[in-house]
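The figures that follow rest on heavy atoms only: side chains count, while hydrogens, waters and symmetry mates do not. Throughout, residue positions are numbered sequentially from 1 according to the sequence presented.
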Amino acid sequence: MRGVGTVLILVVLATVVATGARRWRIPAPSLLVVAGLVVALLPGTPEIRVTPEIIGLVVLPPLLYASAEELSLRELRAVWKPVSILAVGLVLASAAAVGAVACLLTPLTWQLALVLGAVLASTDPVAVTALGRRLALPPKVQTLVQAESLFNDATSLVLFRVAVSIAVASTAVSWQSAGGQFLLLAGGGTLIGAAVALVVSAIRRRTEDPVLETVIALVTPYAAYVLAEAAHTSGVTSVVVAGVVLGGRGDRLTNAGIRLQLHAVYGTVVFLLESVVFSLIGLALPTLISALSDEDRLWPLHAVALAATLVAVRMLWIFPLSAVVQWKGGRRASWRVPVVMSWAGTRGVVPLAAALSIPLVTDDGAALGHRPLVLVLATSVVVVTLVAQGFTLASVVRRSGIALEPDHTEREEATARCDLAEAGIRRLDELSELEAAPDVVIDRLRRSFQSRIDHAHDRLSDADHTESADHVYRQLRRDLIVVETAELQRLYDDHRISDTTRRRLQRSLDLEEARLAGT
């Protein structure tokens, strides 16, 4: 019962802190880590020991799935080349640099230094997505940062497995074997994730039960993860692929009421899990520190040095890559985007899960020396990046000048609303010619659409307006929402609006359709 009580107190604490972070416009992951550290240092706080099963199986799948669903396939196709270079090349460079610095500064053997480098090599999708929600980044930059963090797992996981096999068995691993593991992890995870997405799509098309739809949505990431891990491929890659595929097709699989319910349920689940997991990172650190020996007393300096190494390597990699991309695109070299991308490389939940899964003993039964130091350094670097970069990322974005101004988003949304209303009016003209509905209803709807157009024009010049909804009116309005939805998809397919605008307007249409169904 004491364990259950501790968990409940942790959930309440994390929820209160995360709610406060939203209200005060402070990055929630950073504040949660600090709050966890403070609570862990209070007298009487029980020791918190986090297992890799809790992180890897319970927490990661839904958070990764939610992050992947937010990724736009259209924007991803536009940036897949730099994402591939970052997901492979930068991970290898980061692992090598961290391993070298750890071997020089810490008591770690080169084998365990390589393990630490592999653990910290990749950015964390959960942390990056949680921090990125607050920032008005251009769609392409947001996709670059988010896609890199989602797709660099296969590379770091292969490195981690190779490094652990060397540390545990002290045997050499060939590059051919490592390449085969990479193909198995990334390729197998991709295939399983795509297969799960196709099966789930087929099921969701054939059901309109809100409860069943909600259960399917909650089970999907766990199914993708467990099936991939059972096949000895990458569960993270499988969840990411399933999320990206289903996220791009979600508007076509369900009706408005179910989409709104799923949005509310998943938003609640993600909020709770993010709140708890980032608090756990701070809570677990003092317990890990207590297991260190006297020769490891310089670990705080080592952690700062390793975090600085990660940032430096990231800058040295991203700035030249950005210059090449801008040169090929015929644009002048700019420091703004590479600075933001360099500072957005936070570590988080995935490195912590990897570090916790390091074996306790070698193949010959001896205890794996300095394992506690690896755990402390990995967790400390996660804390340093979440706090230092998390609290300052918004300022870096603001100073860089690349953040989208609210006026830009509002103009794009208002223009799109005009296009949707005009599509509705064209459909009303067709219905009027066919005498498919009473003139009084058509006139009422036409006035409503014209009011929307006037309201949208007023928004472009800082004005305001409102509108309202009988049986024939509601039925016809639902049909027109279908027309507006198709027009919205056309605007998106023609690259006239961003994915953010498309999602916001689709949610607006869903809300109106739900109101019509309930009246």
Side-chain angles (χ1 to χ4, degrees), residues 72-74 201-202 204-208 210 213 246-263 409-461 463-519:
S72 165
L73 270 174
R74 188 187 76 188
S201 297
R204 289 177 64 179
R205 279 199 197 95
R206 290 164 174 78
T207 180
E208 292 187 0
E213 283 271 8
L246 290 170
R249 307 169 70 182
D251 294 341
R252 304 167 214 170
L253 297 177
T254 54
N255 58 43
I258 292 176
R259 282 197 296 271
L260 291 170
Q261 177 172 305
L262 291 178
H263 185 271
T409 305
E410 193 147 333
R411 281 196 303 272
E412 183 181 73
E413 185 176 327
T415 303
R417 287 186 184 277
C418 279
D419 291 334
L420 300 186
E422 287 168 0
I425 289 176
R426 288 195 297 271
R427 178 58 178 162
L428 283 175
D429 291 339
E430 294 173 6
L431 294 172
S432 180
E433 291 177 6
L434 295 172
E435 298 182 354
D439 288 343
V440 64
V441 174
I442 290 178
D443 288 342
R444 183 181 175 189
L445 282 164
R446 184 180 281 111
R447 286 195 304 272
S448 174
F449 277 123
Q450 189 59 52
S451 173
R452 291 181 180 206
I453 293 173
D454 294 340
H455 175 55
H457 284 306
D458 288 342
R459 282 181 63 188
L460 291 171
S461 57
D464 221 7
H465 246 284
T466 51
E467 62 211 53
S468 72
D470 162 11
H471 181 64
V472 177
Y473 172 85
R474 290 197 302 272
Q475 183 59 49
L476 192 49
R477 180 68 193 108
R478 287 195 205 100
D479 294 340
L480 292 170
I481 287 175
V482 174
V483 175
E484 290 184 84
T485 300
E487 177 68 9
L488 179 61
Q489 188 63 42
R490 187 188 68 78
L491 292 173
Y492 177 71
D493 292 340
D494 291 346
H495 294 240
R496 292 176 59 187
I497 58 174
S498 66
D499 187 60
T500 301
T501 297
R502 180 186 69 83
R503 288 175 185 265
R504 186 181 293 117
L505 291 178
Q506 182 64 60
R507 178 165 170 75
S508 177
L509 291 173
D510 289 346
L511 285 167
E512 183 175 1
E513 186 174 348
R515 283 196 299 270
L516 289 169
T519 55

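Between E513 and R478 there is no salt bridge, since no side-chain N of the basic residue sits under 4.0 Å from a carboxylate O of the acidic one.
Minimum heavy-atom separation, S432 to R446: CB-NH2, 4.4 Å. In terms of heavy-atom proximity, L260 sits nearest to D510 at CD1-O, 3.5 Å. Nearest approach of A421 to R452, heavy atoms of both residues: CB-CB, 4.2 Å. Residues L488 and Q506 approach most closely at CD2-N, 3.6 Å, considering heavy atoms. The shortest non-hydrogen separation linking L262 to E213 is CD2-O, 3.8 Å. Closest approach of F449 and I425 over heavy atoms only: CB-CG1, 3.5 Å.
No side-chain heavy atom of R504 sits under 4.5 Å from any side-chain heavy atom of R507.
To the nearest 0.5 Å, atoms CG (L480) and CD1 (I442) are separated by 9.0 Å. Atom CG in L428 sits 9.0 Å away from atom CG in D443 (nearest 0.5 Å). Considering CD of E208 and CD1 of I258, their distance stands at 6.0 Å, rounded to 0.5 Å. From T485, atom OG1 reaches atom CD1 of I481 across 7.0 Å, with rounding to the nearest 0.5 Å. The CZ atom of R427 sits 7.5 Å away from the CG atom of D479 when rounded to the nearest 0.5 Å. Considering CD1 of I497 and CD of Q489, their distance stands at 8.5 Å, rounded to 0.5 Å.
For E487, the side chain to side chain contact (heavy atoms under 4.5 Å, CB included) criterion is met by D419, L420, A423, R426, R490, L491, not counting sequence neighbours.
For the residue pair S451 / S448, no side-chain donor-acceptor distance below 3.5 Å is found, with atom types taken as modelled.
The main-chain N or O of Y492 is never found under 3.5 Å from a side-chain atom of R496 such that the two would form a donor-acceptor pair.
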